[in-house]
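Shown next, in structure tokens, is the structure this report addresses.
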Amino acid sequence: MTVRTRFAPSPTGFLHIGGARTALYCWLEARRRGGEFLLRIEDTDRERSTDAAVKAILEAMQWLDLNADEAPIYQTHRLERYKQVALDLVAAGKAYYAYESKDQIEAMREAAMARGEKPRYNGYYRDRNEPYRDDPNRVIRFKNPLEGSVVFDDKVKGTVEWSNAELDDLVIFRSDGWPTYNFAVVVDDIDMGITEVIRGDDHVNNTPRQINIYHALGGKVPEFAHLPMILDKEGKKLSKRTNSVSVMEYRENGFLPHAILNYLVRLGWSHGDQEIFSREEMIALFDVADVNKAASRFDTEKLLWLNQHYLKTDDPHTLAPEFEWHLARAGVDISKGPAPADVIVALRDRVQTLKDMAERAKIWYGPIIEWDDKAVAKHLKNESAVQVLQLARELLAACEWKPEPIHHVIEQIAATLELGMGKIAQPLRVAMTGTQVSPSIDHTVFLAGRDVSLKRIDDAVALARG
RNA sequence: GCUCCCAUCGUCUAGUGGCCUAGGACACCGCCCUCUCAAGGCGGGAACACGAGUUCGAACCUCGUUGGGAGCGCCA
């Protein structure tokens with residue numbers, strides 16, 4: 001039987017970090033075992049689901065390159081199916097209509113809590129065999145077994161046992177005519193032929209009741225793997241109020257999809273001391289059974305390190321499209337200026353994100369917007385600096401425009417004027433960028449191009465004298 | 001309240017009874033390199049939550065304590 005996994009987000013918001021890891025693990029597990037990875041949109045909550053969220057999730061999945069093997073399934077398209085299955089269950093005596101109002105249920109819960117018990121439905125209509133009636137409060141409840149217990153072997157949690165006495169007769173069909181989560185999930189997973197259910201461990205508690213539904217429906221119970229949560233830096237639940245949680249927000253902040261995936265795969269899983277995993281290695285090495293049981297914290301510092309690692313090691317031409325996306329967002333016009341791939345090479349040892357890189361790249365794509373006063377005062381306002389700039393102008397005007405000859409020009413200035421490199425590079429750097437910080441001076445000059453370089457030197461000399 | 005889950009450096013983790021005076025990585029600190037900023041190289045500090053047991057021997061097994069977390073919806 002082919003392995004089939006699925007990622008089943010509810011479209012109530014963007015794809016967040018936790019969801020991305022779940023999706024990655026599902027995808028990886030399917031890939032390693034030569035199976036299929038599917039996507040299901042759980043949009044039965046019509047109050048909170050939006051088309052924009054569906055779009056955002058699909059877009060993020062695509063950006064991460066976690067592609068599904070079949071078109072996504074939408075639960076809203078399957079209403080008739082759920083209805084039919086629920087009705088069959090009623091006909092088979094495995095489910096029943098109940099008519100309590102929400103207030104009555106609430107009172108029931110409070111009473112149970114007051115008795116020190118777990119709040120649960122009391123099964124009033126379970127065996128009453130009352131005739132069907134039209135009622136705004138009408139729901140369908142599942143007849144959960146009264147005795148015994150449910151045992152399942154979770155791939156990450158180990159053996160989990162749940163007494164049926166803990167479970168009540170859950171609603172599987174709401175009074176508004178829509179199925180509930182626990183029911184729809186089981187119907188879908190059976191219909192979709194899902195063999196491995198990999199999801200967040202906030203669902204462990206739902207699993208026993210879902211298994212009971214599997215039995216009632218005669219479906220084969222899949223394997224379960226419940227992933228521990230991802231917490232924020234303080235060890236609290238990730239919340240969008242205090243953290244960046246949206247995958248696409250990470251994109252906007254200059255992270256690479258593979259860096260995010262690499263970070264995520266190591267959060268809760270490891271392969272010896274290895275930190276860097278290519279896609280192929282992830283697929284070959286990852287096994288959901290090796291995932292840790294404990295929750296882990298999201299550490300942006302390490303993600304930053306991985307991001308720069310890929311910035312430094314990936315082929316700049318591969319990186320260029322994503323970088324151009326950032327340049328465009330930063331309002332940079334790249335029609336005049338160096339090739340983005342060259343800029344990547346010049347800056348990748350100096351920044352950790354593409355966003356920062358785009359910001360720093362501005363020195364090559366437009367005029368100097370503002371001069372750093374301190375830099376000007378320290379490195380331009382002296383006679384030696386002016387001498388350096390004038391000689392540089394003369395030599396650069398004539399030299400071949402490649403990094404090596406430009407580097408040679410710098411050395412020549414140092415020799416002629418008998419100055420240390422610091423006395424050459426800094427004035428030139430301030431002239432070229434308006435600041436004291438940039439890549440090595442020869443590259444900075446090279447990327448600016450001859451015309452721009454000469455113009456900037458002239459401006460700087462004028463500034464130094466004015 | 002009830003049920004379930006979890007527990008190694010600040011963080012991610014290695015570790016499945018002797019190889020552990022606990023290894024790696026991020027972060028941090030120091031030194032080196034150096035035209036700035038970085039990157040890089042070298043080095044350093046830093047953890048088995050606690051208490052009992054089992055055992056010749058426990059980070060690894062058992063029990064308890066403490067501390068975290070999840071769930072208990074006509075949300076998913």
Run A:N137 and A:E100 through side-chain hydrogen bond (donor to acceptor under 3.5 Å, both in side chains) and show every step you take. CA-CA 6 Å; A:N137 288 326; A:E100 285 89 354; over 6 Å; no

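- Atom name C1', nucleotides B:rA22 and B:rG15: the rounded distance is 8 Å, in whole Å.
- Taking the C1' atoms as reference points, B:rA46 lies 29 Å from B:rC5, given to the whole Å.
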For nucleotides 66-72 of chain B, just jot down a letter per nucleotide in 5' to 3' order: B, S or -, based on protein non-hydrogen atoms under 4.0 Å. ---SBBB

Per-nucleotide protein contact along nucleotides 20-26 of chain B, 5' to 3', at a 4.0 Å heavy-atom cut-off (B base, S sugar-phosphate only, - neither), is ---BBSS

The test is side-chain hydrogen bond (donor to acceptor under 3.5 Å, both in side chains); show your working for A:Y82 and A:D188 and say whether it passes. CA-CA 9 Å; A:Y82 305 128; A:D188 289 338; 2.8 Å; yes

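- Pair assignment for B:rG51 gives B:rC63, based on Watson-Crick or G-U wobble hydrogen-bonding distances that are each under 3.5 Å.
- B:rC20 is unpaired under the Watson-Crick or G-U wobble criterion, no partner having all donor-acceptor distances under 3.5 Å.
- Here side chain to side chain donor-acceptor pair (under 3.5 Å) pairs that include residues 157-180 of chain A, with residues two or more places apart or in two chains, are A:Y96-A:D169, A:K118-A:E166, A:R126-A:D169, A:N144-A:N164, A:S149-A:E161, A:D153-A:T159, A:K157-A:D201, A:N164-A:N212, A:D168-A:R209, A:R174-A:D176.
- For the pair A:R141 and A:Y121, the cation sits on the ring face: its NZ or CZ lies under 6.0 Å from the ring centre, inside 45° of the axis.
- Of all nucleotides present, only B:rG1 satisfies the Watson-Crick or G-U wobble test against B:rC72, with each distance under 3.5 Å.
- Salt bridge absent: A:D232 and A:K237 never bring a charged side-chain N and a carboxylate O closer than 4.0 Å.
- The pairing partner recorded for B:rU36 is none, the criterion being a Watson-Crick or G-U wobble arrangement whose two distances lie under 3.5 angstrom.
- Summarising the geometry, atom CG belonging to A:L354 is positioned 5.0 Å from atom NE2 belonging to A:H326; distances are rounded to the nearest 0.5 Å.
- Taking the six-membered ring where tryptophan is involved, the planes of A:Y25 and A:F286 are tilted, since the angle between them lies from 30° to 60°.
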